[in-house]
Amino acid sequence: MLFRQLFDVSSSTYSYLIAGRRGGEALIIDPVLEKVDRYVALLNDLDLRLVKAIDTHLHADHVTGLGALRDRTRCVTVMGEMTTADVVSMRVAEGDVIEIDGVRLDVLYTPGHTDDSYSFVMPDRVFSGDTLLIRGTGRTDFQNGDPRAQYDSIFGKLLKLPEATLLYPAHDYKGDTVSTIGEERARNPRLQVRSVDEYADLMNNLKLPNPKLMDVAVPANRHIGLAQDRADRIGLAPSAARAIVAAGGALLVDLREPAERARRAIPESLVHTPYRELADALAEGGLLTTLARATGKRLLFICAYGERSAMAVEAARAAGFQDAVHVIGGLNAWALQTTFSPSPGS
Ligand SMILES: [Fe+2]
């Protein structure tokens with residue numbers, strides 16, 4: 001495994017670049033906007049292809065690099081299902097697995113610092129965001145923070161991990177880089193409490209100033225989706241898309257991953273090409289190239305929220321499929337349309 005802990009001095013943020021092997025797929029956790037050039041250079045140096053950029057929660061102290069990395073590398077953006085960000089390509093919930101070639105992150109929902117805080121677990125380490133820090137815990141006084149929820153997340157979930165599990169937080173202000181679950185259980189001063197009430201009292205009396213960048217970072221981090229006009233120009237409203245599919249005029253290609261499809265199927269979709277396999281599918285002899293030529297139908301992409309599908313249209317058009325389009329708003333909008341207006345012929 002390839003593992004790099006990267007630091008942003010101005011916000012004391014740690015970002016983590018992980019890959020199964022040199023030359024393979026990579027993911028990044030909690031990237032910082034100002035550092036995107038550095039990440040891209042490092043990806044190039046290590047011959048890595050960034051396929052997922054993940055935030056543990058909506059940050060208040062720095063602007064996320066998710067949107068810029070998506071635009072630079074065409075990676076998929078990922079956050080927890082509780083996020084208030086406008087659009088991320090993929091939303092995950094506790095029990096889900098975030099997967100790339102050679103790396104699996106198990107998703108834990110660990111609210112408390114914010115109500116959209118998640119931790120990501122590998123067999124020997126955990127990325128705890130701002131839920132559990134080294135000798136500290138994330139503040140709970142804004143963004144729907146809740147010390148009682150945080151107590152449950154820490155004592156009920158994170159401290160249940162094996163003692164030797166390495167703890168990699170989203171920040172450190174003292175210069176520490178890593179700890180373990182066992183060390184924090186024994187030595188973290190915030191965890192030496194006898195009850196949830198005592199913990200809540202402690203957290204409710206920290207009297208911290210707001211983060212310097214909060215008024216800039218929070219609104220910016222809520223608007224990270226692909227520019228809507230760019231996505232709309234190459235898309236169809238769900239009703240129009242449905243009509244074309246019903247008339248047999250398009251191949252509806254579901255770009256979601258198998259786990260997302262298992263949770264919620266699109267009955268009309270017969271072609272499944274996970275977004276990360278798109279380049280191969282659009283190559284000469286690839287699945288989509290072959291199917292589109294054999295049937296004479298245009299490619300119509302759909303995903304969860306309309307972001308991966310917009311990027312897929314751009315890739316398909318670049319590969320010569322000029323009439324490729326996508327479903328604006330993704331399955332979310334497609335399913336709403338089923339509920340509120342009958343599809344053609346029904
Ligand atoms: Fe935070």
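For ligands, and for the atoms within them, numbers begin at 1 and follow the listed sequence.
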Presence of N, O or S from Asp130 under 2.8 Å of the Fe ion (ligand 1):
yes
Report the C-alpha distance between Tyr168 and Tyr14 in whole Å, list the side-chain angles of each, state the deciding distance to 0.1 Å, and finish with yes or no for ring-ring contact (aromatic ring centres under 6.0 Å, His included).
CA-CA 8 Å; Tyr168 284 105; Tyr14 285 128; 8.3 Å; no
Pairing of Arg276 and Asp101 as salt bridge, 4.0 angstrom limit:
no
Check whether the side chains of Thr77 and Glu307 place a donor and an acceptor atom closer than 3.5 Å, and report yes or no.
yes
Are any N, O or S atoms from His113 nearer to the Fe ion (ligand 1) than 2.8 Å?
yes
With a cut-off of 2.8 Å, does any N, O or S atom of His57 fall short of it relative to the Fe ion (ligand 1)?
yes
Can you name the closest pair of heavy atoms from Pro238 and Ala333 and give their distance?
CG-CB, 3.6 Å
